[in-house]
Amino acid sequence: MTGMPPYFWLYEAAFLLQAPALLLFLAYAIRARRAFSLAATGLLSASLALHLLFTALSALVAGRLPLASGFEALSLWGLALTGLVVWVEARHQLGLLGVFLTPLSLLTLLMGFRFVHAAAQPIPGLQDLRLLVHVSLAMAAYALFTGAAGVAGAYLVQERQLKARRSAGLFYQLPSLQELEGLLARLTLAGVAALAAGLLAGFAWRLSYDGSLGLDDPKVGFSLGIGALYSLGLWLRRRGAISGRRLAWLALAVFVVLFLGYYLVNLYLGGHGFLKPGGGR
Amino acid sequence: MGLLVTGISYKTAPVELREALALDGRLAESYARLRRLEGMGELVLLSTCNRVEAYASVEDAASAEGGLREFFESLAPAKAAQVRKALHASHDEAMLWHLLQVASSLDSMVLGEAQILGQVKQAYEQAVQHQAVGPVFHGLFQRVFSAAKQVRSSTEIGRHAASIPSVAVQLAERLFGGLGAAHVLLLGAGDMAELCAEHLASAGVTRLSFCNRSQPKARELARRFNGTACGLDELDACLTGADVVVCSSGAPEYLIHPAAVQAALDARKGKPQLLVDISVPRNIDPAVAGLEQAYLYNLDDLDSLANEHRERRLAASHEAEVMLKHRLRDLREWLAASRVTPTVGRLSARFEAVRAAELERMKGKLAHLDEKDRAKVEALTKAIVAKLLHTPVSRLKAQAAKGEGAMRLVEGAEQLFGLEEGS
C-alpha cells in the first residue's frame, strides 16, 4: 500500500471511533451507568462496521485478501480484536472488558499507521486457500491472546481489591475471580488452537511451495515459541501448579513478548524468510 | 378527584403496632370495608413488616381521610390512641412523592433494599384481584414501577450489601460467581453459626458443613440444614473441600493456622478460598491473609465494608431523588391529562357521530360515486373532523398539564358541545 486509497478514511474513522468508546468504558468504570457501556459498545460496533467495509473494499480493489503487508496484518488483528470485544459485550454484557481491551485494539490500529506506507509483500501463491487460512487463523489467535491479556488485567484488578479488602466501583462491575480465570483460560486455549491450526495450514502450504516446513523462518520460530509459552501456562494450570494471580501475570507477560516480538520480527527480521530476496525456493 | 395515602410505617410506629395493624389474613375484608366508604375511588392496600398503608383516589379528601383513620383504628381497638398518633397522611402531589419513594426503597428502613418493589407490585396485583383498581391507578402504578426500576438500574442504591452477613455473601460471589456450587464450612455451632447458615442457605448455598468441638451440636445443625458435620480433629481435612470458611467459634485461640490453609490450597490445586472470621477473639491466624489465593476478612473488615456500602447507598439516594423528581413531574402531567381524557373522548365521539350521520344522510346523493371515490370522501370528512378537533383537544390537554383552570375549561367545553354525562 504505497499510496493512500481514497477510502482510507474508513480505517481512520474506525480508529477515531475507538477513542470515545474507550472514554465511555472508563466513564462506566467510574460511574457504573449501563448507558455508558452500551454507548461504548455501540461506538465499537460502528468502528467494526467501518473497519469491515474498509477491509472488504481493500480486498475488492486489490483483487486479493488484504493479508500481504504489515499494515494489513495489523488491520486484521485490530479488526478481530474489536470483533471479540463487541461479541463478548453483546453476549455477556460485562461492561468492563472494554476498559482493558479497547486500549489494545486502539494501539494495534495505531501501529497500523506506522506500516501503512510499506508496500504489500508479493506473497507467492496468495490465492492458495491454505495460506489464507494460515494468515486469518494467526491473526485470530493474536486477537484471542490480546483478549486474554485484557481479561488478565481485569483479574489482577479484582484480585487486588479482594486482597486489600477494598470495594471501589470496579469491584462490583467485574465478574468474579473464578469467572475471569475461566474466561482467561478459554481465550488462551482458543488462541493456542487457532495458532496451531494456522501453523499447520502454513506448514502444508510451505511444503507444497518449497518442500520445507520453514522452521528456520523467524516468524515461524516466533509463533512456535509463543504457542509453546501459552501451552505451558495452560498445562501448568491443568496440573494445579499455577493459577489465579500468577496465571494472570503469565498471560500478561507472554502477551508483552508477543506484542513486542511481533514488531521485532516484522520490522527488524523482515518477517517470513521466504519473502526476502533469495529466501525460500 | 384527589389522591391520598394514609397509614403507619416504621418511622411513626413501633413493631408491636405494625404487627397489630398488619392486613395479612384480613385483606379481602379490608378491601370490602374500605370500598364501601363514601367517595372512595380506586384503592391499593400495602402491608409489609415495615408499613401498613392505604393508597386511594377519593372525591372528598377530608372525609376519605377520616374514614381511613377510623378503619385503621378499628384494626387495633385496644391501641386506638397509639394508632391515631402514629397515622400519617399525604395528599395529591405529596402522595405521589411518597409512593415513588416507597417503591424505590428511599423510604425503607434499610435504604436500597430490594424487597419493597416486589411488595408494592404484589399489593397492586392484590388490589386488581379485589377489583379496586381503575384506569388512574393502573397507569399510576405502572409508571411508579418503571421509575423504581430506573432507580435500581441507574444508580448504585441496591448494588452494595449493607449488612455484615450480606457483605460476606457478596464477597463470596466476587470470588466464585454464583454460590449454588460453593461448599461452605462453618466453624462453631452457636447462635452466630446458625444465623450465618440461615443467611447462606437463603443466598443459595446448598453445601454446608459444620465443624465444632462438640459434635452433637454440629450434627444437629447439619441435620437442620441438610449438611455434614465433623469434629475439630478433622478440621484440616474439612478445610480442603471448603470454598468459604466462616469462623464463629467461641474458642479463645487461633484454630486455623497458615500451614493448614496452605496445605488446603495446595490440595485445591490453586482454587481460591474465602475465610471469614467473625469470632472475637479471632480464630484464624491473621498471617493467613498473606497466602496467595487465601482471602481473609475479619469482623472489622466486614463492618468497615458494610459502612462504606451504606455511605454509597446514601450518596446514590441523592441521585435517585433527582431522578424521581423528574418522574414526579411526568406523573403530575399524566394525571392532569388523564382528568380531561373522558371529556376529550366524548368530544371526539360527538364529532365522529355528526360526521357519520351526515355522510349517511348524503348516501343517496353520493350513490353515483364508485368505491374508490366514496373512500376518498370518507377520508376527507375524517380529516376535517381531526383538524377541527386538534386545537380544542391540544388546548384542553395543555391547560390540564398546567393545572390552572383546567376544570373550568373542561366544564366550558362540555357545556358548549353538550357533552355532559348522560346527554
Side-chain angles (χ1 to χ4, degrees), chain A residues 27-39 92-96 154-186 233-251, chain B residues 149-150 152-162 167-168 170-179 181-182 243 265-276 286 288-312 315-316 319 323:
Chain A
Y28 177 75
I30 296 163
R31 291 303 300 265
R33 291 266 174 87
R34 187 82 194 110
F36 287 148
S37 78
L38 283 175
H92 300 288
Q93 280 141 24
L94 295 183
L96 257 183
Y155 182 96
L156 289 169
V157 169
Q158 181 73 307
E159 198 268 348
R160 194 79 300 255
Q161 293 196 80
L162 275 162
K163 268 284 182 200
R165 298 160 199 157
R166 279 201 311 266
S167 62
L170 280 171
F171 181 71
Y172 298 97
Q173 293 149 53
L174 285 170
S176 70
L177 283 188
Q178 200 153 293
E179 285 166 313
L180 283 169
E181 189 177 327
L183 187 59
L184 166 60
R186 284 197 299 279
L234 286 172
W235 180 72
L236 288 172
R237 178 179 184 261
R238 195 172 166 75
R239 288 187 53 106
I242 190 171
S243 64
R245 196 171 54 181
R246 287 182 201 202
L247 183 71
W249 277 119
L250 179 69
Chain B
K149 269 190 218 159
Q150 191 199 0
R152 282 207 86 71
S153 61
S154 307
T155 71
E156 296 191 28
I157 196 149
R159 192 165 295 149
H160 309 289
V167 166
Q170 198 166 49
L171 284 170
E173 284 170 348
R174 294 293 85 203
L175 266 171
F176 303 106
L179 289 180
D243 298 311
L265 288 172
D266 290 344
R268 289 167 63 75
K269 295 195 167 182
K271 209 176 161 198
Q273 193 168 53
L274 174 67
L275 298 110
V276 179
V288 164
L291 300 176
E292 200 179 321
Q293 298 290 75
Y295 298 88
L296 174 63
Y297 286 76
N298 63 32
L299 200 56
D300 284 355
D301 299 328
L302 296 179
D303 191 44
S304 117
L305 275 175
N307 279 333
E308 194 183 308
H309 291 178
R310 281 192 284 270
E311 279 166 25
R312 281 169 185 263
E319 201 183 337
M323 220 172 261

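Every chain is numbered from 1, with letters handed out A, B, ... down the list of sequences.
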Side-chain donor or acceptor of B/Tyr295 paired with backbone N/O of A/Glu159 under 3.5 Å: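 Such a contact is absent between B/Tyr295 side chain and A/Glu159 backbone.
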
Please state whether the side chain, the backbone, both or neither of A/Arg246 comes within less than 4.5 Å of a heavy atom of chain B.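 Contact with chain B involves both backbone and side-chain atoms of A/Arg246.
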
How long is the gap from [atom1] on [X] to [atom2] on [Y], to the nearest 0.5 Å?
X        : Y        : atom1 : atom2 : answer
B/Gln293 : A/Arg245 : CD    : CZ    : 8.0 Å
B/Glu173 : A/Ser176 : CD    : OG    : 9.5 Å
A/Lys163 : B/Glu292 : NZ    : CD    : 7.5 Å
A/Leu180 : B/Leu175 : CG    : CG    : 11.0 Å

Chain B: which of A/Gly240, A/Ala35, A/Gly244 shares the most heavy-atom pairs with it under 4.5 Å?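 Looking at each option in turn, the highest pair count goes to A/Gly240.
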
Need one label for B/Leu291: side chain, backbone, both or neither, based on atoms under 4.5 Å from any heavy atom in chain A.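 Contact with chain A is through the backbone of B/Leu291 alone.
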
Counting only heavy atoms not in A/Arg238, do more than 12 sit closer than 6.0 Å to its CZ atom?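 No, CZ of A/Arg238 has 12 or fewer neighbouring heavy atoms, counting only those of other groups under 6.0 Å.
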
Do A/Gln161 and B/Arg174 have side-chain heavy atoms sitting under 4.5 Å apart?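 Not in contact.
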
